[in-house]
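Just so it is clear: chains get the letters A, B, ... in the order the sequence lines come, proteins before strands, and each one is counted from 1.
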2 protein chains.
Amino acid sequence: MPETFAALQVDTEISQPLWRQLYMQLDDLLTSGALREGASLPPERDLAEYLGVSRSTVKRSYDQLRHDQRLGGRGRGGSVVRKPPERVQPTLGPLRGFTEEMRELGKTATTNVLQCEIVSDRRMASIFQRPSNAQFLHVVRIREGDGVPMTRELAWYDLSLAPEMAFWNGSGSAYERLRDLCRLELGGAEQSVEAVLSSPLESDAFGFDEPQPCLLFKRMTRIRSGALVEYVEGTFRGDAYVYRIELEP
Amino acid sequence: MPETFAALQVDTEISQPLWRQLYMQLDDLLTSGALREGASLPPERDLAEYLGVSRSTVKRSYDQLRHDQRLGGRGRGGSVVRKPPERVQPTLGPLRGFTEEMRELGKTATTNVLQCEIVSDRRMASIFQRPSNAQFLHVVRIREGDGVPMTRELAWYDLSLAPEMAFWNGSGSAYERLRDLCRLELGGAEQSVEAVLSSPLESDAFGFDEPQPCLLFKRMTRIRSGALVEYVEGTFRGDAYVYRIELEP
DNA sequence: CAGTGGTCTAGACCACTCG
DNA sequence: GAGTGGTCTAGACCACTGA
């Protein structure tokens, strides 16, 4: 057994489950930095034999670490330590898009457009208070800061209010386009924030093996006249994004 | 086997794991409302025999539902279906406390003061930019809306700025007290919002068996002169709380 | 005190992957 | 192709809890 793991041990006399004892000891190894990113944990079978427990018990500990997103790897490569991503902290006061946020943080915003099409959607028609055959531009994007996927975003734009959006390919800043090309004066937005677990699609986009806590933003953006022009649902990975607000007295 | 569960079945020919097949079928039963709050699932052993799988496989499905907080119960009572709590949606514009939020939602705010004492704390002294022997009132509270625990809140108040807070017992609104008793004019706040999993203490306070996604607020409240008077860290349960903001153009 | 879920074992087969 | 984790089984003992 490699020296790093020689000190691991479990004790059936302790009231805590064996798997939890092992989990916490491994946790210490990761947190203390004794195991860096890319390091390998022993194969489950080896560590089980060394500790004198069954493979299931070791596996349960490893599973917990995988669930915490601190362990990755599969197949021949075994179990590999992951690095927790750093959190960015955009200072958000007024209405602003992802591109602007990243620019101010000195990061490069890149966008991966998964879908960009004109749709009719009863749910959206109801949100926008439009007839049910109204047309919207629907965009699905993964947005990255310095190459790290930060958010998965579903957006709808009212094409009767902003017909020029129909020719948008989904890249870059939607707000710049609304302002400069559609010549719309934005009037503010109502936004809600929830804590949720990532859906399978989002977990996949962020590289999570299991659902992780995320911030779910829903935003309704209006033009100055009060008409709704944009509805967005964005899921931001909780391990990499902190939302900041200034509150007035 | 009770009629509700007679339709359950798993198939080894399908590429999906047996436990996941079962998990999704049970999920359907809960979501569709076929199983209401308080209903019982069959004992693991019984369902395992009925489906022709081992108890471990059924257990893994049940574990997943427990992890999702949709299953509770232990011991003789077996596995009992839980009801997901409704979410409240406070509309939050300017600086406002929990008590005010709940009042506007027509809910009664109650507070459970766990700790309320005068402390010296290097970390707080550093946040407040005070000498390290400075004294703060430290309050730990569970706050409830209509009796449901909504948030666990750690707060610190600068006693040199608001000496009258020293005699506070922690109940009611801190902001009313700061305004009316200490005669301080509040000047605004910086707030950050993160998505995290609840800590063991918080899980316990909210009645979670396992960590659940929560909104973690950190707020620094200043008086008009700019001096920091309050620092709060509040964890709001994600399944019961949606944060709403109005954004200016 | 009987039945429940929590934990653990020893062993097996599989799909995948990397050397 | 050898080694890895993913899954599953059959069986066991335990602590707890509610009837």
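- Ser56(B) comes within contact range of at least one nucleobase, with a heavy-atom separation under 4.0 Å.
- Nearest-nucleotide positions on DNA chain C for Asp46(B) and Gly75(A) put Asp46(B) closer to the 5' end.
- Contacts of Thr12(B) with the nucleic acid, taken as non-hydrogen atoms under 4.0 Å apart, are absent.
- Formation of a donor-acceptor pair under 3.5 Å by the Gln212(B) side chain with backbone atoms of Asp68(B) is not found in this model.
- Arg60(B) comes within 4.0 angstrom of the backbone, heavy atoms only, and of no base.
- Within 4.0 Å (heavy atoms only), Arg66(B) reaches sugar-phosphate atoms of the nucleic acid but no base atom.
- A distance-only check finds a donor-acceptor pair linking the side chain of Gln21(B) to the backbone of Asp11(B) [under 3.5 Å].
- Comparing the axis of the opening five pairs of the helix from dC1(C)-dG18(D) to dC18(C)-dG1(D) with that of the closing five pairs yields an angle of 10°, rounded to 10°.
- Ring pair Tyr231(A)/Phe136(A): centre-to-centre distance not below 6.0 Å.
- Looking only at distances, no side-chain donor or acceptor of Arg141(A) sits under 3.5 Å from a matching main-chain atom of Thr151(A).
- Between Tyr50(B) and Phe5(B), the ring centre distance reaches or exceeds 6.0 Å.
- Toward the 5' end of DNA chain D, the nearer of the two residues Trp19(B) and Gly73(A), judged by each one's closest nucleotide, is Gly73(A).
- Checking Gln16(A) against Gly77(B), the closest nucleotide of DNA chain C that is more toward the 5' end is the one next to Gly77(B).
- Judged by closest nucleotide on DNA chain D, Arg76(A) is the one of Lys59(A) and Arg76(A) placed further toward the 5' end.
- In this structure, Tyr241(B) and Phe217(B) have perpendicular ring planes: the angle between them is above 60°, well past the 30° mark.
- Between Arg123(A) and Asp121(A) no salt bridge is recorded (no basic side-chain N to carboxylate O distance below 4.0 Å).
- Chain A approaches DNA chain C within less than 4.0 angstrom (heavy atoms of the protein), and the contacting nucleotides run 5' to 3' from dT7(C) to dC18(C).
- A donor-acceptor pair is defined here as one N or O able to donate and one able to accept, closer than 3.5 Å; no such pair exists between the side chain of Arg70(A) and the backbone of Gln64(A).
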What's the verdict on side chain to side chain contact (heavy atoms under 4.5 Å, CB included) for Arg143(B) and Thr99(B), showing C-alpha distance, side-chain angles and the deciding distance?
CA-CA 9 Å; Arg143(B) 318 206 62 176; Thr99(B) 313; 3.1 Å; yes
